[in-house]
Peer 1: 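My questions will all concern the structure given below.
All values below were derived from every heavy atom in this structure, side-chain atoms included, with hydrogens, water molecules and symmetry-related copies excluded. We name chains A, B, ... by the order of the sequence lines, and we start the count at 1 in each one.
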Protein chains: 2
Amino acid sequence: MDAPRTRQQHREQVTDELMSAARRQLAQAGAAGLSLRSVAREIGMVSSAVYRYVDSRDDLLTRLIIESYDSLGAAAEHAASEHADSGDLDRWSATAAAIRRWSLDQPHDYLLLYGSPVPGYAAPQDTTTPGGRVPLALVSIVRDARTAGRLVPPVEADRAAPATLRVDFDRLAEVIDIEAAPAIMLATITGWTQMFGMIGFELTNQTRGVIDDHAGLFDATTRLTGWLIGLR
Amino acid sequence: MDAPRTRQQHREQVTDELMSAARRQLAQAGAAGLSLRSVAREIGMVSSAVYRYVDSRDDLLTRLIIESYDSLGAAAEHAASEHADSGDLDRWSATAAAIRRWSLDQPHDYLLLYGSPVPGYAAPQDTTTPGGRVPLALVSIVRDARTAGRLVPPVEADRAAPATLRVDFDRLAEVIDIEAAPAIMLATITGWTQMFGMIGFELTNQTRGVIDDHAGLFDATTRLTGWLIGLR
DNA sequence: AAGAATCAAGAGCAGTGCTCTCTTTTTGGT
DNA sequence: ACCAAAAAGAGAGCACTGCTCTTGATTCTT
């Protein structure tokens with residue numbers, strides 16, 4: 001089964017087994033139920049040995065977080081490019097739906113990213129880049145529509161973006177490489193946060209007994225925010 | 001210091017001490033860092049003794065959850081009634097701001113309610129009623145504006161509420177005692193979820209390095225969703 | 001081939017949730 | 001007023017956790 005030649009190969013293989021065992025246990029027991037010892041057990045190691053591959057439990061979680069961010073980011077990007085030829089609103093809605101699908105398929109991963117941070121855990125810098133893929137994928141939809149001149153100017157929502165926000169918006173516009181009116185950026189942020197708020201509520205059963213057709217509701221709210229942005 | 005007469009009084013007093021010690025530790029270490037033994041220690045008890053007052057750690061958490069829901073619900077209701085004479089949009093925004101304020105003041109409580117559920121923990125029925133106070137407070141703002149005839153019909157957003165949602169919306173309309181067009185309900189739900197999505201992002205540092213003026217952004221998005229509902 | 005780096009195992013520490021047993025104290029019924 | 005029943009607290013103990021340190025075996029480097 002295994003013929004590990006060089007030491008580096010061996011290390012990579014063990015690390016892979018370790019990570020996928022951890023991923024399995026995360027999917028079952030959630031972040032709080034993830035135990036280094038039980039991961040070690042699953043890959044036939046003693047608990048102290050895994051510390052050769054991982055600094056600590058928090059380190060393991062950080063790696064899982066990065067992996068998850070990348071997975072979700074890839075899903076969003078894939079959906080956005082898959083629907084590049086659709087209508088802008090359809091594209092927005094389809095990408096949102098992909099994000100929701102990913103979250104429902106692996107709720108513990110979603111909660112690892114957007115739920116309670118682990119006790120005493122502060123997300124390190126390494127997570128910011130992969131964490132930005134999702135919002136970037138969403139922004140790119142808006143950007144494409146805008147540069148193509150298809151973005152319908154927002155209806156009277158301009159006064160909703162006060163001057164104090166201009167500073168943030170100007171800097172943000174540089175980062176994400178878009179030159180949009182403040183109202184458009186505001187609406188985009190609104191759509192982005194609404195999306196995740198809704199998914200979070202669905203996952204934590206906040207809408208229990210109130211909503212049955214979650215998919216339909218999600219699509220409706222998503223299209224509403226997309227419309228607000230000016231996507232058609 | 002203490003002259004506990006009847007046994008019942010004694011029990012209530014100890015329970016109070018226990019809960020407030022738990023609350024203190026929750027505020028510091030978060031839900032995952034909350035330990036029954038350390039709570040016991042703080043109130044000068046041995047760990048096994050606290051099981052006379054609490055069924056399990058999950059039971060303790062459930063009680064904390066209910067307390068927190070009530071606290072947040074009260075904050076929202078207070079803000080809504082405090083601004084009953086303001087403009088509808090101001091009232092909506094002020095209530096949202098109160099919810100955000102509460103969340104920032106006690107982030108661990110917020111995450112206990114809306115973050116990752118505790119491992120193997122399924123929110124019992126007891127939490128649904130207090131959990132509904134916040135959305136009800138928000139809905140009441142919309143209802144008041146509507147019954148007073150001040151609600152501006154939504155701009156062209158009607159087609160965003162598909163027929164399949166009518167079932168949910170009809171049932172929901174009964175529960176929250178409001179007869180509003182589907183588009184209004186959709187926009188209200190959008191505003192509600194957006195609000196919590198935004199707060200969650202701020203608390204989990206999802207907008208780190210991107211946004212400075214969180215208060216301003218929150219107010220802007222809130223007013224935008226309020227405007228979408230038809231509040232003015 | 002010798003020395004250095006790496007890996008895995010084992011024992012151990014301090015902490016956790018929870019159960020069971022034992023003793024003391026309070027309560028309520030006769 | 002007594003006496004059994006109920007309740008409260010303490011202590012020991014089990015199985016688990018993250019993490020450290022030491023020891024022996026293997027592999028790489030020079």
Side-chain angles (χ1 to χ4, degrees), chain A residues 1-19 21-22 24-26 28-65 112 116-122, chain B residues 1-19 21-22 24-26 28-65 112 116-122:
Chain A
M1 173 155 338
D2 48 343
R5 250 174 307 272
T6 153
R7 201 150 216 180
Q8 177 136 5
Q9 285 175 328
H10 172 71
R11 188 168 229 292
E12 283 170 10
Q13 180 184 328
V14 173
T15 306
D16 282 356
E17 288 176 16
L18 196 153
M19 290 303 293
R24 265 193 301 277
Q25 298 206 3
L26 171 70
Q28 285 186 352
L34 179 79
S35 138
L36 256 181
R37 289 183 112 112
S38 122
V39 171
R41 231 174 283 132
E42 182 171 330
I43 62 174
M45 253 185 179
V46 87
S47 77
S48 62
V50 314
Y51 284 88
R52 301 272 165 194
Y53 300 89
V54 140
D55 285 348
S56 65
R57 187 178 176 275
D58 277 4
D59 180 37
L60 212 191
L61 281 175
T62 302
R63 297 181 192 218
L64 290 175
I65 286 175
L112 180 63
S116 320
V118 185
Y121 176 84
Chain B
M1 166 141 2
D2 46 345
R5 252 176 306 272
T6 154
R7 201 153 214 175
Q8 177 136 4
Q9 284 177 329
H10 172 72
R11 188 166 229 290
E12 282 171 10
Q13 180 183 329
V14 172
T15 305
D16 283 356
E17 287 176 17
L18 196 153
M19 290 303 293
R24 265 194 300 277
Q25 298 205 4
L26 171 70
Q28 285 186 352
L34 179 76
S35 138
L36 256 181
R37 287 183 111 112
S38 123
V39 171
R41 231 173 285 130
E42 184 171 328
I43 61 174
M45 253 185 181
V46 88
S47 77
S48 62
V50 314
Y51 284 88
R52 302 272 171 200
Y53 299 88
V54 142
D55 284 348
S56 67
R57 186 178 177 277
D58 278 3
D59 179 37
L60 212 192
L61 281 175
T62 302
R63 297 181 191 217
L64 290 175
I65 287 175
L112 179 64
S116 321
V118 183
Y121 175 83

Peer 1: Please tell me which of B/Tyr51 and B/Gln8 maps to the more 5' nucleotide of DNA chain C, matching each residue to the nucleotide holding its nearest heavy atom.
Peer 2: B/Tyr51
Peer 1: In whole angstrom, give the distance that lies between atom CD of B/Gln13 and atom C1' of C/dT26.
Peer 2: 16 Å
Peer 1: I need the CG-P distance between B/Asp59 and C/dG17, as an integer number of Å.
Peer 2: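 So the CG-P distance, B/Asp59 to C/dG17, works out to 14 Å.
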Peer 1: Could you tell me which non-hydrogen atom of A/Leu26 sits nearest to which non-hydrogen atom of A/Ala31, and how far apart they are?
Peer 2: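 Taking every non-hydrogen atom into account, CD1-N, 3.4 Å.
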Peer 1: How close do A/Leu36 and A/Ser56 get, counting heavy atoms only, and between which atoms?
Peer 2: CD1-C, 4.2 Å
Peer 1: Heavy atoms only: give me the nearest B/Tyr53-B/Arg63 pair and the separation to one decimal.
Peer 2: O-NH2, 3.4 Å
Peer 1: Could you tell me which non-hydrogen atom of A/Ala40 sits nearest to which non-hydrogen atom of A/Ser47, and how far apart they are?
Peer 2: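 It is CB-CA, 3.8 Å.
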Peer 1: Can you measure A/Asp58 atom CG to D/dG18 atom P for me and round it to whole angstrom units?
Peer 2: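 That distance rounds to 11 Å.
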Peer 1: Generate the contact string for nucleotides 3-9 of chain C. Rules: B means base contact, S means sugar-phosphate contact only, - means no protein heavy atom under 4.0 Å.
Peer 2: --BBBBB
Peer 1: Take atom CD of B/Gln25 and atom C1' of C/dG17, then tell me their distance rounded to the nearest Å.
Peer 2: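 Taking CD of B/Gln25 and C1' of C/dG17, I get 15 Å after rounding.
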Peer 1: Given B/Glu42, which of B/Glu17, B/Gln25, B/Arg37 fulfils the side chain to side chain contact (heavy atoms under 4.5 Å, CB included) condition?
Peer 2: B/Gln25
Peer 1: For nucleotides 12-16 of chain C, give me every protein contact, N/O to N/O, under 3.5 Å, one pair per line with atom names.
Peer 2:
unit_1	atom_1	unit_2	atom_2	d
C/dG12	O6	A/Arg37	NH2	3.4
C/dT16	OP1	B/Ser35	OG	3.0
C/dT16	OP2	B/Arg41	NH2	2.5

Peer 1: B/Arg57 side chain to B/Leu34 main-chain N or O, any donor-acceptor pair under 3.5 Å?
Peer 2: yes
Peer 1: Within a strict 4.5 Å, meaning less than it, do heavy atoms of the B/Val50 and B/Val39 side chains meet?
Peer 2: no
Peer 1: How close do A/Asp59 and A/Asp55 get, counting heavy atoms only, and between which atoms?
Peer 2: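 Smallest interatomic distance, heavy atoms only, reads OD2-N, 2.9 Å.
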